[in-house]
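One structure below.
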2 protein chains.
Amino acid sequence: MAESTGEQLLFLTDEQLRQGIEAMFFAYRGFTADPDRILDEMAYGRAHHRAIHFINCAPGTTVNNLLNILGVTKQSLNRVLRRLIEDGLVESKVGRMDKRERHLFLTEEGKALESRLSDAQRARMRAAYRKAGPEAVAGFRQVLEAMMDPDMRRNYHALRETKT
Amino acid sequence: MAESTGEQLLFLTDEQLRQGIEAMFFAYRGFTADPDRILDEMAYGRAHHRAIHFINCAPGTTVNNLLNILGVTKQSLNRVLRRLIEDGLVESKVGRMDKRERHLFLTEEGKALESRLSDAQRARMRAAYRKAGPEAVAGFRQVLEAMMDPDMRRNYHALRETKT
DNA sequence: CTTGGAATGTCAACAAGGCTGACTTAATGT
DNA sequence: ACATTAAGTCAGCCTTGTTGACATTCCAAG
């Protein structure tokens with residue numbers, strides 16, 4: 001029913017849209033601020049965080065797979081991955097079926113860092129959700145999803161379907 | 001009234017929060033994708049976009065002011081600003097009251113680029129808003145605001161009050 | 001079987017854009 | 001007169017994106 005009236009009620013001035021744009025900018029900064037502080041301690045960056053996050057939620061994923069999700073070049077990811085492997089946070093296993101592939105897993109140490117980062121980020125998200133209330137949260141998710149590129153939306157949904 | 005029932009109804013599992021985190025990640029990518037393409041054409045980056053955006057919506061702002069909003073060092077901003085001035089997109093005028101200050105303005109050419117970037121970004125925002133409906137938009141804005149750091153929230157509100 | 005091409009991953013080098021630190025210049029305020 | 005503030009500059013570092021060249025592995029067509 002929200003949708004049925006939606007089209008008519010939605011008079012969007014450029015000013016309102018600009019507010020949305022700025023809100024997105026400042027909110028994203030808040031969103032990454034807590035993990036960034038933790039990562040700084042051990043001289044990692046956001047790229048390491050992203051890799052750890054997605055390896056954690058899809059253990060055994062291949063490098064190529066991760067590439068598609070993260071949307072960077074394989075060379076860029078490789079640098080990050082190499083350091084995570086050297087530091088013993090990530091393990092890379094040669095594929096049994098296809099020996100060209102490497103399957104990625106977090107070590108215990110890797111999982112520990114993932115938890116620290118995740119907890120920090122979730123805490124802020126939880127606080128924001130509580131402050132805004134459940135209806136706001138539903139709206140938040142709807143708008144975010146509508147804002148994604150179709151390709152990325154596919155990745156986003158794929159992540160929660162393929163709980164292998 | 002949403003808030004009154006909010007606290008009780010909000011059972012947030014870690015999985016739900018992780019979905020929110022990922023949605024934020026993918027949505028932000030979509031959010032910047034269109035301007036990024038335009039910026040690429042003329043070998044500018046997001047840093048230039050941010051500078052142009054905030055100079056446009058607070059014309060005559062000082063360098064120091066911009067520094068606080070953007071949250072970068074003056075050396076970093078200066079590199080970006082220098083090129084925008086060289087390229088004739090931004091004009092820097094010595095302050096009349098305080099001659100130490102430089103006040104920043106977009107030139108006609110600067111405004112033209114700002115419009116292109118802004119139009120692209122607004123188009124996506126508008127499409128997402130339409131798709132999600134007005135109630136969702138309200139919720140979206142509430143959650144984003146709750147997610148900002150308090151300092152940044154101040155900046156965010158200051159921007160729409162001081163329409164000098 | 002072999003050989004050429006596709007897929008996968010690695011190494012090297014470069015650029016953008018963050019950062020720190022040291023310093024200058026000019027204007028202001030005390 | 002002197003300390004402070006705003007702005008700019010230079011040098012150098014790091015992360016993280018990019019391309020290009022290359023090695024390895026697999027598979028399929030000749």
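Below, read A as the first sequence line, B as the second, and so on, with proteins coming before strands; counting in each chain starts at 1. Computed from a predicted structure; not experimentally measured.
The separation between A/Arg29 atom CZ and C/dG18 atom C1' is 12 Å, rounded to whole Å. Across the protein-nucleic acid pair, A/Leu67 atom CG and C/dA7 atom P stand 14 Å apart, rounded to whole Å. Distance NZ (A/Lys93) to P (D/dT25): 20 Å, rounded to an integer number of Å. In this structure, CG of B/Leu66 is placed 11 Å from P of D/dG8, rounded to the nearest angstrom. Between A/Ile52 atom CD1 and D/dT16 atom P there is a gap of 11 Å when expressed in whole angstrom units. Distance B/Asp40 CG to D/dG17 C1': 11 Å, rounded to the nearest Å. As a whole-Å value, the separation of A/Arg83 CZ from C/dC11 P is 16 Å. Atom pair B/Leu39:CG and D/dT18:C1' shows a separation of 16 Å (rounding to whole Å applied).
Contact of B/Arg100 with D/dT5 (side chain to base): a donor-acceptor pair of N or O atoms is detected under 3.5 Å. Interface remark: the A/Arg102 side chain does not form any donor-acceptor pair with the C/dG9 base, using a distance-only criterion of under 3.5 Å. Between the side chain of B/Arg46 and the base of C/dG17 there is no donor-acceptor pair of N/O atoms closer than 3.5 Å.
In this structure, the side chain of A/Arg126 does not engage the main chain of B/Leu17 through any donor-acceptor pair within 3.5 Å. B/Arg29 places a side-chain N or O within 3.5 Å of a backbone atom of A/Leu70 that can act as its donor or acceptor partner. Formation of a donor-acceptor pair under 3.5 Å by the A/Arg46 side chain with backbone atoms of A/Asp36 is not found in this model.
Checked against D/dG8, D/dT16, C/dG18, the side chain of B/Lys74 finds its nearest nucleotide in D/dG8. Closest to the side chain of B/Thr62, out of D/dA7, D/dT15, C/dT8, is D/dA7. In the set C/dG17, C/dG9, C/dA13, C/dA13 carries the atom at the smallest distance from any side-chain atom of A/Arg79. Distances were taken from every side-chain heavy atom of A/Ala43 (C-beta onward) to each of D/dA7, C/dG18, D/dT15; the shortest belongs to D/dT15. Here the side chain of A/Ala47 is nearest to one of C/dT10, C/dT28, D/dT16, namely D/dT16. Of the candidate nucleotides C/dT8, C/dC11, D/dA7, C/dC11 has the atom lying nearest to any side-chain atom of A/Arg82. Here the nucleotide nearest the side chain of A/Glu101, chosen from D/dT4, C/dT8, D/dT15, is C/dT8. For A/Gln75, whose side chain is taken as the heavy atoms from C-beta onward, the closest listed nucleotide among D/dT18, C/dC19, C/dT8 is D/dT18.
Among the heavy atoms of the strands lying under 4.0 Å from B/Gly71 are primed sugar atoms or P, OP1, OP2 only; no base atom is included. Looking at heavy-atom distances under 4.0 Å, A/Arg50 makes contact with sugar-phosphate atoms alone, never a base. Using a 4.0 Å heavy-atom cutoff across all strands shown, B/His48 reaches sugar-phosphate atoms only and no base atom.
Screening A/Phe54, A/Tyr156, A/Phe31 against B/Phe25 for a ring-ring contact (aromatic ring centres under 6.0 Å, His included) leaves a single residue, A/Phe54. The only member of A/Ile52, A/Leu113, A/Leu84 that meets side-chain contact (heavy atoms from CB on, under 4.5 Å) when paired with A/Leu106 is A/Ile52.
At least one side-chain nitrogen or oxygen of B/Asn64 sits closer than 4.0 Å to the OP1 or OP2 atom of D/dA7. Residue B/Asn78 places at least one side-chain N or O closer than 4.0 Å to OP1 or OP2 of D/dG8. Taking only side-chain nitrogens and oxygens, A/Thr73 comes nearer than 4.0 Å to OP1 or OP2 of D/dT18.
Between A/Lys99 and A/Val72, the residue anchored closer to the 5' end of DNA chain D is A/Val72, taking for each the nucleotide with the nearest heavy atom.
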- Item | Derivation and outcome, salt bridge (Lys or Arg N to Asp or Glu O under 4.0 Å), residues A/Arg18 and A/Glu22 | CA-CA 6 Å; A/Arg18 228 205 47 214; A/Glu22 284 166 14; 3.1 Å; yes
